[in-house]
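All chains are named by letter (A, B, ...) in the order of the sequence lines, taking the proteins before the strands, and each is independently numbered beginning at 1.
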Protein chains: 4
Amino acid sequence: MNQGSSKQQLRAQLRETVQVAILDAAEELIADRGLHAAPLAQIARRAGVAVGTLYNYFADREAMIVALFENRRAQLRPALRTAIAAGRDLAFEPRLRQFVHDVLRVFEIHRRFIKVVIETEHLRLKSSTTGQDLGKGVEEVVEAGVIEGVIDRGRAELFALTVIAALKGIVLRRISDGAPLLPDAVPLIELLLDGARSR
Amino acid sequence: MNQGSSKQQLRAQLRETVQVAILDAAEELIADRGLHAAPLAQIARRAGVAVGTLYNYFADREAMIVALFENRRAQLRPALRTAIAAGRDLAFEPRLRQFVHDVLRVFEIHRRFIKVVIETEHLRLKSSTTGQDLGKGVEEVVEAGVIEGVIDRGRAELFALTVIAALKGIVLRRISDGAPLLPDAVPLIELLLDGARSR
Amino acid sequence: MNQGSSKQQLRAQLRETVQVAILDAAEELIADRGLHAAPLAQIARRAGVAVGTLYNYFADREAMIVALFENRRAQLRPALRTAIAAGRDLAFEPRLRQFVHDVLRVFEIHRRFIKVVIETEHLRLKSSTTGQDLGKGVEEVVEAGVIEGVIDRGRAELFALTVIAALKGIVLRRISDGAPLLPDAVPLIELLLDGARSR
Amino acid sequence: MNQGSSKQQLRAQLRETVQVAILDAAEELIADRGLHAAPLAQIARRAGVAVGTLYNYFADREAMIVALFENRRAQLRPALRTAIAAGRDLAFEPRLRQFVHDVLRVFEIHRRFIKVVIETEHLRLKSSTTGQDLGKGVEEVVEAGVIEGVIDRGRAELFALTVIAALKGIVLRRISDGAPLLPDAVPLIELLLDGARSR
DNA sequence: TATGAATGAGCATTCATTCAT
DNA sequence: GATGAATGAATGCTCATTCAT
């Protein structure tokens, strides 16, 4: 077997490594201080490179942010799609359970980025579509619930909105507390399906 | 009776008028474009004063933002407190209904500022306490529900979190759609208390 | 008589003064070192203002350059137009003499800027039209010579080209030598009309 | 005879080839966009080499420019010298004709570089001596005219200046129009010797 | 007090130069 | 020698803040 790597491969790997370091640094800073408090100088320092190096990887600051969102999305989207598709054969309730569970599991892996996504949502960055991906997923599942007759069509929109908002709110809180996300999956579903009244 | 105003009073009124204009302009710009896209020059222009004038009213930009948040809070807080206090004699369910209704009514009046509050929450501005005020209110009501036995203590935190998140999410959506907030009050309460399952 | 100036007038005068200082500084630096060796920091220093101040007068560097060219042109163009119009009643030869004389007199007053114009001509700045103004003038005069029968139509273009080139070349040389421009007027005309052969 | 090339010779040839490619690329870019709009990265790309390679051939950017000017001058200068020397036995008028004709013929071959030379003349690059070479030639020829009594000594400088300026102006125009240079040789000489007046 | 011009620190970006492979 | 990524100084530009009038 060819265990060695060609010079080109080595270069490409090195490039990859540096790019990953830059995007990680950017994500970290943005998550910690916000998109507008993450100057390139700091990103470069945290990534361990010079400022000019950033421009060997991205055309400009915006392109770097776009790359960050697209890179993360490339990891998140398939998982979200799988989460949506996974329960397609299930009845509404188990499907919703499954979906929320899967979503939180994915979000857990990308905590830092999820924080960034939620906190920058109001900026309506064109490259930030993860929020929409989540929205689509919830809507699809809810629509299944409507068709199945479990959810009133008239209440579907509000329900979807609430699911999305609750997910974001809880995730944000847990992330800021350094707490895990998954434990909230089951109680949240029960709350949303059966209501808060104890029986 | 002294119907006239002393020169001092006139001065004070003028000051008040200008300050209000400045804070309104700031709020408007921040709501429209974000905290970091609201330069003092634009705020001054929109307020109809010169840049230098801003510094006769506020020590610096941050102080102006603080003043904006405190000014609005001064209007919101009493209303929120009233909303909390109002239902103190009611049972949990009607109290929650009342509370959510009152909150949305207050938020409706301050749509623009509420947008600002929610969208800047992640910046953890020390002066921004409206979110906490809301949180406190929800927690107090929920606590009443726990004491009354309607809400399980173990689920209280999640329930409170969900109520808060749902309120924020729905309010943000309605504001961005230009839709009124109040129509969501009743359905939301029903959803949260009884669950999404149609019966 | 009102010898005093209103506050506004004073402000406007001050503004004018500063703007003139900036454009002069820019012209000086560009004349000395070239358009691409005149950083805003140096222009500001030479004008005795801070860098930021430049932006109170011009939108950006390019706008400043444009303003420089337009300001100078506003002074040069009328003089060139007058130079062209002045000899309209004269026969070709005296008209050409008059024209060249007038042109050199105007150029003498704006030596520094003329240097800039000639040396930046190849950059084809949209705002730099003085070269064209001169070209138009020469062509008009030459056309009069053609109509009068003094100049062959077939040689008119080359003659115009040569007049323009000679003017630029001589002017540039005299400016770089610190010599006056006018003394060349008469000999140049004689050379161009009668040829170099001594008789 | 040794018809083959040693390894060293091959190396030297390769070096030569690459250097030529680099200088050509530099000349092309500078002619098209100007000295200050020709970054090394673009020169390298156009030459088909990596940026770092440039530094194996030239100490730095300036040295590269110097090399470009010296390389071209090495081709131009002999031709100019020949042009000057060629007419040494001729009378002034035919000598001037010959000279201008020869100069334009040489310039035709090096259009691109001549454009660069004329347009960068005001930068007074130490390495750019082609303009001086031309000047020397014109002066020598004119001096012959003075000695021969055809040109007044008092008008010699102006005549020389005008010849040089006219040559540059016409050449620049023809190059920018994509027109050939030689057709202007005869009419230009007639104009300069006999004047513009048609007889 | 109101005004708006002046200031300069901070930021994004470019590009000649260096250097490890 | 060739490569191209890394470097950081230089530059244009923004904007909160200061200050003379």
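- In this structure, the nucleotide among F:dT17, F:dT7, F:dA2 sitting nearest to the side chain of B:L40 is F:dT17.
- Across all strands shown, E:dT21 forms a Watson-Crick or G-U wobble pair with F:dA2, both key distances being under 3.5 Å.
- With 3.5 Å as the limit, one finds a donor-acceptor pair spanning the side chains of C:R73 and C:T129.
- Ranked by how close their nearest DNA chain F nucleotide is to the 5' end, A:L54 and C:Q42 are led by A:L54.
- Taking atom CD1 of residue A:I43 and atom P of nucleotide F:dG8, one finds them 18 Å apart after rounding to whole Å.
- In this structure, the nucleotide among E:dT21, E:dT13, E:dG4 sitting nearest to the side chain of A:R11 is E:dT21.
- In this pair, C:H36 and D:H36 present their aromatic rings parallel. The plane angle is below 30°, not in the 30 to 60° band.
- Listed candidates were F:dT7, F:dT17, E:dT7. Nearest to the side chain of A:N56 is F:dT7.
- Side chain of C:A50, nearest nucleotide from E:dT7, F:dG8, E:dT13: E:dT7.
- For the pair C:R61 and F:dC13, the criterion of a side-chain N or O lying under 4.0 Å from OP1 or OP2 is not met.
- Nearest nucleotide to the side chain of A:Y55, out of F:dT7, F:dG12, E:dA12: E:dA12.
- Once rounded to the nearest 0.5 Å, the distance linking CD1 of A:I175 with CD of A:E119 reads 8.5 Å.
- Neither OP1 nor OP2 of F:dA5 sits under 4.0 Å from any side-chain N or O of A:T53.
- Across all non-hydrogen atoms, the minimal contact from A:L76 to A:H110 is CD2-CD2, 3.7 Å.
- Considering only the side chain of C:Y57, E:dA6 comes nearest among E:dA6, F:dG1, F:dT17.
- Residue B:V51 is in base contact, counting any heavy-atom pair closer than 4.0 Å across all strands shown.
- Residue-environment remark: CD (A:E62) stays at or below the threshold of 12 foreign heavy atoms within 6.0 Å.
- For D:D60 and E:dA16, a side-chain-to-base donor-acceptor distance below 3.5 Å is absent, hydrogens and geometry of angles not being considered.
- The residue among C:L14 and B:V49 whose nearest nucleotide of DNA chain E lies closer to the 5′ end is B:V49.
- Taking for each of A:A41 and B:R15 the nucleotide of DNA chain E with the nearest heavy atom, the 5'-most of the two is the partner of B:R15.
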